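Because the structure is a prediction, the values reported are computed rather than measured.
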Amino acid sequence: MTDRRTVRCLGCEEVIDADARVCPHCGELQPTPILAAGAVVIGVFAFLFGFLLGAFTVGLTRWIGFALAVVGFGLAVGGYTSYLDATAQRGGRAR
């Protein structure tokens, strides 16, 4: 007997295999955590580069650096919370 992890579909909320990308019941495409992880990685790099650019330059470049740091912070936090939300919803824990 194999122990397979199951999750709930985001569309019809039926139980499906955790590694299924398309629901066999309704045909809805299940989200992948790769996009959220990519947003986090891009956000961290944008934050670090923007902070360095804003801290060590003058003039308009400083403002662009600080704006890039704010956008990077938003991407990192937003990507992480998106990943947590999708994980909780697929596991059937969010209602």
Side-chain angles (χ1 to χ4, degrees):
M1 176 181 278
T2 60
D3 182 42
R4 295 181 355 181
R5 200 179 86 157
T6 58
V7 295
R8 295 200 176 270
C9 172
L10 292 178
C12 63
E13 296 187 2
E14 292 288 329
V15 177
I16 60 173
D17 289 337
D19 58 349
R21 288 291 141 219
V22 177
C23 177
H25 305 286
C26 66
E28 183 169 337
L29 184 66
Q30 302 300 308
T32 177
I34 293 173
L35 295 176
V40 171
V41 169
I42 291 171
V44 167
F45 282 124
F47 175 76
L48 292 175
F49 183 72
F51 179 76
L52 291 175
L53 192 65
F56 296 114
T57 59
V58 294
L60 182 63
T61 309
R62 173 172 279 183
W63 288 105
I64 293 171
F66 284 135
L68 188 62
V70 169
V71 169
F73 182 77
L75 272 174
V77 172
Y80 183 65
T81 56
S82 172
Y83 170 76
L84 290 179
D85 288 344
T87 303
Q89 192 171 12
R90 276 202 82 201
R93 293 180 294 273
R95 287 282 168 177

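In terms of heavy-atom proximity, H25 sits nearest to E14 at CD2-CB, 3.4 Å.
Applying the side chain to side chain contact (heavy atoms under 4.5 Å, CB included) rule to V58 yields no partners; only residues at least two apart in sequence or on another chain are considered.
Separating the CG atom in L29 from the SG atom in C9 is a distance of 10.0 Å, to the nearest 0.5 Å.
Residues I16 and R8 are not in side-chain contact: their nearest non-hydrogen atoms beyond the backbone lie 4.5 Å or more apart.
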Please tabulate, for side-chain N and O atoms in residues 64-84, each donor-acceptor pair with protein atoms closer than 3.5 Å (sequence neighbours left out).
| from | atom 1 | to | atom 2 | distance (Å) |
| --- | --- | --- | --- | --- |
| T81 | OG1 | V77 | O | 3.1 |
| T81 | OG1 | G78 | O | 3.1 |

Residues 33-57 side chain polar contacts: donor-acceptor under 3.5 Å, at least two apart:
| from | atom 1 | to | atom 2 | distance (Å) |
| --- | --- | --- | --- | --- |
| T57 | OG1 | L53 | O | 2.4 |
| T57 | OG1 | R62 | N | 3.4 |

